[in-house]
Amino acid sequence: MVSKVTSMREAVERYVSDGCSLAVEGFTAFICFAAAHEIIRQGRRDLTLIRMTPDLVYDQMVAAGTARKLIFSYLGNPGIGSLHAIRRAVEQGLPGPLELEEYTHFGMIGRYIAGASRLPFFPLRSFSGSDLPRVNPNIRMLTDPFLGEQIAVVPPLNPDVAILHAQRADEQGNTQAWGLLGVQKEVAFASRHVIVVVEEIVEPALIRRDPNRTLIPDMIVDAVVHEPFGAHPSYVQGYYDRDNQQDQAWDGLSREPQALQDWLERWVYGVQDRQAYLKLLPPGTLERLKPLPVRSEAVDYGGYR
Amino acid sequence: MVSKVTSMREAVERYVSDGCSLAVEGFTAFICFAAAHEIIRQGRRDLTLIRMTPDLVYDQMVAAGTARKLIFSYLGNPGIGSLHAIRRAVEQGLPGPLELEEYTHFGMIGRYIAGASRLPFFPLRSFSGSDLPRVNPNIRMLTDPFLGEQIAVVPPLNPDVAILHAQRADEQGNTQAWGLLGVQKEVAFASRHVIVVVEEIVEPALIRRDPNRTLIPDMIVDAVVHEPFGAHPSYVQGYYDRDNQQDQAWDGLSREPQALQDWLERWVYGVQDRQAYLKLLPPGTLERLKPLPVRSEAVDYGGYR
Amino acid sequence: MSSEYSANEMMIVSAARALAEARSVLVGVGLPNIACNLARRTVAPDLVLIYESGVIGARPARLPLSIGDPTIVSGAAWTGPMPDLFLYILQGGRIDAALLGTAQIDRWGNLNSTVIGPYEAPKVRLPGSGGACDIAINARRTLIITRLSSRTFVSSLDFHTTPGHTDFATDVHSRAVAGSGPELVITDRALFRFAEDEGEMELASLHPGVTKEQVEDHVGWPLKAAPEISSTPPPTPAELKIIREELDPEGLYR
Amino acid sequence: MSSEYSANEMMIVSAARALAEARSVLVGVGLPNIACNLARRTVAPDLVLIYESGVIGARPARLPLSIGDPTIVSGAAWTGPMPDLFLYILQGGRIDAALLGTAQIDRWGNLNSTVIGPYEAPKVRLPGSGGACDIAINARRTLIITRLSSRTFVSSLDFHTTPGHTDFATDVHSRAVAGSGPELVITDRALFRFAEDEGEMELASLHPGVTKEQVEDHVGWPLKAAPEISSTPPPTPAELKIIREELDPEGLYR
């Protein structure tokens, strides 16, 4: 089989086009900022950005003018504060208008599951007594054919492209992850194209010695990008911690459009790739973010001949 | 916290009562024959036996007269042949009548998911063009409120008791399994009581060094039974192989009611527990079933202080 | 150590005490996180800490900055896909208690965390539901934790993000689906419960040194009072010791 | 090695050849398992072997006795919960081809694997659907593999377990939901396809030495013939070598 390994630049050029719908997922963990920054550098426009928690990664993409619409369930900088660029777009239409399509976390999860499963809808116990169905016609009620009870349903969500970060994959795209798995598996199966970005590319034999650890099988992966620290300032379990200093700094500078543009100039437009970005980090940053080792036990699958 | 470890006898006495619904699950793998044999020894009656693939384990329980009803999707001895005791019950009403409630594999999976999720129904693309909905009123059609398409739905399934075999657990019931996970997780969450039976009881610290490997959390586990080789003649990945000799022998002897009763006398009624059963196996059986070692790599979760 | 205590510490111990008998709790960040860990060390030693991000039986080695902090994963009993958490644990009815914050709350315990002003053109765009609406509908008990302020305790919400007991007053039918409504509102000045009959919020307990009038001044509707109003016991030295020495040594939430 | 070959070997190579261009196949046991592994070694080197028991990219070190054999797990690329396999892989439309056996088949390619005789009081109770009905409805292409016999090729099924092209003749509406119907029926004497227009089974290819009449004798309805009937190429020495030396050295399925 031919290897799917490619550069971030090539992967974005090939799969992320103007106007497409894109899910760079990861619940606080595994958020691929390296991909977001490359998309900004390549000047993509009119994207529909899909994430449960838009987080800094979409605050930056909105500030850079890549987005037309947001599909989400929680607009915040986890544990820190607001997403000021997105708030400016929503509250003041700056730099441009931003369409919002809003759910609860469970609603987004249901949409991803339906999308991955080719189901016409997914039922869930939520939304009743909330105004969300009033402002989002995709949230509907259905009568259960067994007991006649009312239950909410949401339609499938099928992003054009998913970009998912993980610890490791082989060259074919068999991808293993541990830590907060979020909705990574569901998004991968729901999307038309899947780009996996990993800290390490490993031998297929290593993946195949622990098949239960494989989150995403190669058959649904289009491209594999090797990008160490590609999730910074988000984190990768066991590899590096969340860089709360940069996240906190963002809370301050992003309140000021000019300061935000200066930040993008320096950290995104001013570098050609993630390696150059890493060189801009204060000395000792990566060492500071490195966790202590806490290794799992190996398990035995047995050889059956 | 107080340990949930108990003997198979106590676990069955406490949780499996006459007339209850019981799921001893496991798709070819992890089938807990030790529990089934203890239930037969304790003379339980009128059970509703739930399994996707009733397999030898329920053929034996039906032959012993424990069952009133079967909820299932495939009646066969995998790769070998028929389940003759169940066939006699269905075709000739011997030793007694047996009620059947029948689905496809996907239908059973949907019922378990709905049961685990407290959903009033689960939708799936199946059953259309089949006679199954005609003979099973639990299979209904529903109109999707978005595109108006017809889709099949099945109701939740909530067994009174689930008995699930796995490689290891801690004394609280945090259970780790690898290999064919089947519907083990869904059945556990769908059931009112959960008994886990394991090859090894391990320190909580070992479980907690690999939390993504935990299939069933202790909060839903009622009892933990330590029963090495408790799944024989089924298998446990990495611990022992399926004993095809005993499975093939069953295909022959189970055609003959008297031979079958003699088998139950020797292997079930004639022993007091699984340890005594293992002593009856031909010398070298357990060695013959032992696979070669194929160990996974350890992974690092990191310590974050 | 001084027996002086902060408003936050009063809220933390009130929340922790409300978790007695709970076997499982869905943990938030900040005060709720400290409250849940305090409960484990005092009134509910077997309390299972669950995070909606997909963690059961967490043993965080540091104070988590968010519910997605890697410290909640290392050493946990179970970590898995968020669909498992929302389908099998939350909707499955396995969460005994959950703590929610809010930007606005009305007399029925309905919550707004979505917008200030009209939805289509908000003055302030808030984070939105996240899991709040899902949690209020599916957790067995919901506790609200927020500071008492007339900006928060309003007569009418700008947006209904999360249902409270409103269904008593309006649509009875959907109530079964809309959960049981909040049980307790924990603030820095007082505790509030909801009347059995119509589910309206009532003053249940005053913190030390706080008067009924001071509370009423910060509530945007004529506040009802419970048949008898108790006075909240202040934090004990033992509770304060655990908070200050173990749970928040840096005093981030002091 | 002798160029003589068995009826099973003829079926195996016919099935393997039908998998050319397939990227993924849902593997059964017995002949289908050998056929899929033969295809990987000949016409479809990148073919991904998928087992409904929850395995993707299997590399079985021995001939699996069942689809739950532990040998399909060790060395696989992915192993997971069966719900993932049925929801995301099968219903998700990720299965290019699947091979199904059957006890009865009718002229529309409907299958019966449930009962012989009436459902309520069967003469013979068969295993039932298992995944067959789900697979026929959700796999992109379905291939049937069974021996040609008048007991199998019947004018009317005792029970409809798995839908074929019947919807052409009956309910057009539900067809979209009921899958695309079987594409090919592989037997020990001939191959059958289904007419574009009404989806009725027609004789498409005769195996070496078999006459049209011999086939018709084993079919329980007036069999239609394709515009032109081809003759199936016999197994090549290369195909036989792989089957006999690598895939079934013990000749279990000879």
Side-chain angles (χ1 to χ4, degrees), chain B residues 1-4 109-110 112-120 122 156 158 162 168-177 181 183-192 194 196 202-222 299-305, chain C residues 22-27 40 44-51 53-66 68-97 134 137-140 176-177 179 246 249-250:
Chain B
M1 293 195 182
V2 40
S3 165
K4 296 174 185 169
I109 290 167
Y112 283 135
I113 295 174
S117 309
R118 214 166 47 90
L119 278 172
F122 197 81
N158 296 102
R168 65 191 185 194
D170 63 26
E171 292 188 341
Q172 295 308 311
N174 290 303
T175 305
Q176 298 191 327
L181 302 182
V183 287
Q184 305 298 81
K185 180 173 60 180
E186 290 68 30
V187 175
F189 280 103
S191 299
R192 291 177 188 85
V194 175
V196 295
V202 297
E203 285 304 309
L206 185 147
I207 298 287
R208 290 173 177 271
R209 277 201 298 276
D210 197 354
N212 286 113
R213 184 86 67 192
T214 306
L215 192 69
I216 304 172
D218 61 1
M219 65 185 292
I220 66 168
V221 173
D222 295 281
V299 301
D300 193 340
Y301 281 81
Y304 295 87
R305 298 193 165 75
Chain C
R23 293 156 307 162
S24 61
V25 63
L26 197 69
V27 187
R40 271 194 79 233
D46 292 351
L47 186 65
V48 180
L49 303 188
I50 301 176
Y51 290 83
S53 50
V55 177
I56 300 173
R59 299 279 171 82
R62 69 184 180 200
L63 195 59
L65 180 68
S66 80
D69 192 307
T71 195
I72 67 175
V73 171
S74 298
W78 182 97
T79 308
M82 281 181 84
D84 289 358
L85 207 293
F86 276 76
L87 283 163
Y88 302 159
I89 299 288
L90 178 59
Q91 186 174 262
R94 308 284 188 172
I95 302 287
D96 281 352
D134 312 313
I137 287 174
N138 290 286
R140 294 184 183 283
V177 188
E246 298 176 35
E250 296 169 38

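In what follows, every heavy atom counts, from backbone to side chain, and hydrogens, waters and symmetry copies are set aside. Lettering of chains follows the sequences in order, A, B, ..., and the numbering in each one begins at 1.
- When heavy atoms are compared at a cutoff of 4.5 Å, C:I50 approaches chain B solely by way of its side chain, counted from C-beta outward.
- Note that CD1 of C:I89 is 6.5 Å distant from CD1 of B:I220, once rounded to the nearest 0.5 Å.
- B:R209 does not touch chain C: none of its heavy atoms, backbone or side chain, sits under 4.5 Å away.
- When each of C:L63, C:N138, C:L90 is scored by its heavy-atom pairs under 4.5 Å with chain B, the top score falls to C:N138.
- No donor-acceptor pair under 3.5 Å is formed between the side chain of C:T79 and the backbone N or O of B:P211.
- For the options C:G92, C:A76, C:A61, C:S24, heavy-atom pairs under 4.5 Å to chain B are most numerous at C:A76.
- Side chain of B:R118 to main chain of C:Q91: a donor-acceptor pair is present (N/O by atom type, distance under 3.5 Å, no hydrogens or angles).
- Summarising the geometry, atom CG belonging to C:D84 is positioned 7.0 Å from atom CZ belonging to B:F189; distances are rounded to the nearest 0.5 Å.
- Contact annotation: the side chain of C:Y88 approaches that of B:I113 to within less than 4.5 Å [non-hydrogen atoms, C-beta and beyond].
- Listed here is the closest heavy atom pair of B:N174 and C:A77: OD1-CB, 3.5 Å.
- B:Y304 places none of its side-chain heavy atoms less than 4.5 Å from the side chain of C:I72.
- When the candidates C:G75, C:P45, C:G54 are compared by the number of heavy-atom contacts under 4.5 Å with chain B, C:G75 comes out ahead.
- Residues satisfying the salt bridge (charged side-chain N to carboxylate O under 4.0 Å, His left out) test with C:D134, not counting sequence neighbours, are none.
- Without hydrogens or angle criteria, C:S74 side chain to B:G303 main chain gives no donor-acceptor distance under 3.5 Å.
- Note on C:P70, C:G93, C:P81: by heavy-atom pairs under 4.5 Å with chain B, the leading option is C:P70.
- Summarising the geometry of B:P217 relative to C:I56, their closest heavy-atom pair is CG-CD1, 3.8 Å, with the distance given to 0.1 Å.
- Using a 4.5 Å cut-off between heavy atoms, B:A188 contacts chain C through its backbone alone, with no side-chain atom that close.
- Not counting sequence neighbours, B:F122 has no partner by the ring pair (Phe, Tyr, Trp, His ring centres under 6.0 Å) test.
- Counting only distance, with no hydrogens or angles, the side chain of C:R23 and the backbone of B:M219 share no donor-acceptor pair below 3.5 Å.
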